[in-house]
Amino acid sequence: MTVQKSTKNKIIFFGTSDFAVPVLKTLIKNQYEIIAVVTQPDREAGRGYEKNTSPIKEMALKYGLKILQPERVKDAEFIKILKEMSPELNIVCSYGKIIPEEIIEIPKHKTINIHPSLLPKYRGSSPIQTAILNGDKETGITIMLMDKEMDHGPIIKNIKLKIKNYETIICQELLEYLAEKSADLLIKTLPDWLAEKITPREQNHNEASFTKIFIKENGKIYWNKTSDEIDRQVRALNPWPGTFCFWHNHETETTTRLKIIKTELPYITSSDMIDIMPNKKEGTVFKTLSSLMAIATLNDHIIIKEIQPEGKKIMTGKDFLNGYPEIIGKILT
RNA sequence: CGCGGGGUAGAGCAAUUGGCAGCUCGUCGGGCUCAUAACCCGAAGGUUAGUGGUUCGAGUCCACUCCCCGCAA
């Protein structure tokens, strides 16, 4: 076995989120020399405003890699540091910030980016969620040469992937799958790229589409949508930004926020035993014959597999109904 | 010191002014049934997160500690 380890492959890795972890890990295992890891600064976040470190930073710490956390990527001092390290290649993977052209051009082999979609489709920050939200049966991974526009550069290598179980897959599963495949594709592509055997080809910009940044409000469930739409919303938007609705209890005059963690379509659950009572108003909570929690939707109903009332832990819909039987027959908003 | 909810049987929840710790589900045993996630009968299962305090008496009131979670960011 010949191991390609040399100082010629000095790489700076830009990454922040979970998606980038398998990619960085594979680079390390394949003996690439990571001379620095650039990740977003620790943020005061969460309960009590404790400092949070990114998954990539944790990994860099574990492997003793040099860590850079610039507040501003365009900062002249930061760019100077990068130049002094004289990298041969920058790899960007869910870093979360726009990288200025000046940095892109530093390494001899430029800066490449891994994007979990078949570019030019689904440019932007949420290609994975969007694929699930749209019920796509296939997606892909693109490795591209970065330019100054978002996910716009020429394609180095891409791969089309079927989404198995596209009717039930959740965001986390698709993310993990694409992350593993991204790592594979990168490792296969990197030697050729570094040997300059690949000529990037321009994207067809006419076919470009863009994904939006999801905000909390996108997680609000409207029960006057179809079961299928709601199910896709729940599968796509958990854990972030999460999907939720409200239960207004008229007796106690309280409103409880309910996070809907996991749903299932009736036909998946094998609905022949299900209590199908027609004309239930959208949002009505009821119990199926097999004691599952269900909520009426525009066209039918949806099974609530997991739910989390505010201040409580995640529980099954069945447990929820055991503890809060008074909610049966009420309408959620 | 950002705001807030919570810890009671294996799970989810109750418990009035402090007064025998209950409900639904699950588990185990039995019955009914062609059959069942349905129904009937019965049983097991608790140091009420911990420490100290008030009291004739504390799940409940007071103080402190530990743990879990929602919002916001």
Side-chain angles (χ1 to χ4, degrees), chain A residues 16-18 39-58 69-73 94-98 125-126 129 170-172 212-222 233-234 237-277 283-296 300-330 332-333:
Chain A
T16 299
S17 73
D18 285 324
T39 191
Q40 293 220 25
D42 298 355
R43 301 285 181 208
E44 285 188 346
R47 216 172 290 122
Y49 287 139
E50 287 176 15
K51 285 268 186 179
N52 269 4
T53 62
S54 76
I56 283 296
K57 181 178 180 180
E58 284 179 24
Q69 296 181 279
E71 194 63 48
R72 290 177 60 249
V73 195
S94 76
Y95 174 57
K97 286 190 175 186
I98 307 288
S125 57
S126 56
Q129 288 100 319
I170 61 173
C171 187
Q172 187 62 27
K212 62 178 178 178
I213 295 174
F214 289 108
I215 57 171
K216 288 275 184 184
E217 183 53 33
N218 297 127
K220 176 77 166 61
I221 293 176
Y222 295 93
Q233 183 185 8
V234 172
L237 268 42
N238 277 299
W240 175 260
T243 42
F244 62 92
C245 62
F246 295 100
W247 169 28
H248 184 66
N249 189 324
H250 293 280
E251 290 163 20
T252 57
E253 283 302 317
T254 55
T255 298
T256 305
R257 184 192 184 91
L258 300 174
K259 294 184 79 169
I260 305 299
I261 307 296
K262 193 175 180 193
T263 53
E264 199 165 80
L265 294 174
Y267 80 94
I268 300 276
T269 313
S270 75
S271 59
D272 49 322
M273 291 299 289
I274 281 172
D275 166 27
I276 301 174
M277 289 174 67
T284 303
V285 178
F286 66 103
K287 194 198 280 192
T288 69
L289 283 181
S290 49
S291 298
L292 296 175
M293 179 178 178
I295 298 178
D300 192 3
H301 64 276
I302 194 164
I303 306 297
I304 306 299
K305 300 285 283 185
E306 289 177 3
I307 188 171
Q308 183 177 31
E310 59 182 86
K312 297 294 188 176
K313 292 182 183 177
I314 293 174
M315 63 187 76
T316 65
K318 194 172 175 175
D319 285 342
F320 179 72
L321 288 188
N322 274 335
Y324 303 86
E326 68 273 22
I327 200 174
I328 292 172
K330 299 295 187 331
L332 304 183
T333 53

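Nothing here was measured: the structure is a model prediction, and the numbers come from that model. Labels below follow one simple rule: chain letters A, B, ... track the order of the sequence lines, proteins then strands, and each chain is numbered from 1.
- Within 4.0 Å of A:R43, counting heavy atoms only, lies no atom of the nucleic acid at all.
- Screening A:T256, A:T255, A:T254, A:T333 against A:H248 for a side-chain hydrogen bond (donor to acceptor under 3.5 Å, both in side chains) leaves a single residue, A:T255.
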List the steps and the verdict of side-chain contact (heavy atoms from CB on, under 4.5 Å) for A:T263 and A:I221. CA-CA 12 Å; A:T263 53; A:I221 293 176; 5.9 Å; no

Report the C-alpha separation of A:L321 and A:V285 in whole Å, then their side-chain angles, then the decisive distance to 0.1 Å, and conclude whether the side-chain contact (heavy atoms from CB on, under 4.5 Å) test is met. CA-CA 10 Å; A:L321 288 188; A:V285 178; 4.1 Å; yes

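- The residue among A:W240 and A:K318 whose nearest nucleotide of RNA chain B lies closer to the 5′ end is A:K318.
- Side-chain proximity of A:K216 to the nucleotides B:rA37, B:rG4, B:rA72 is greatest for B:rA72.
- One interatomic measurement links the two molecules: NZ of A:K312 to C1' of B:rG70, which rounds to 11 Å at whole-angstrom precision.
- Residue-to-nucleotide proximity on RNA chain B shows that, of A:T316 and A:G46, the 5′-proximal contact is made by A:T316.
- Nearest to the side-chain atoms of A:N322 among the listed nucleotides B:rA73, B:rU24, B:rG70 stands B:rU24.
- Atom P of nucleotide B:rG4 and atom CD of A:Q308 are separated by 20 Å, given to the nearest angstrom.
- Nucleotides B:rU16 and B:rG59, compared at atom P, are 12 Å apart to the nearest Å.
- Residue-level contact check: A:Y49 touches the bases, meaning some heavy atom is under 4.0 Å from a base atom.
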A:F244/A:Q308 under side-chain contact (heavy atoms from CB on, under 4.5 Å): CA gap, chis, key distance, verdict: CA-CA 9 Å; A:F244 62 92; A:Q308 183 177 31; over 6 Å; no

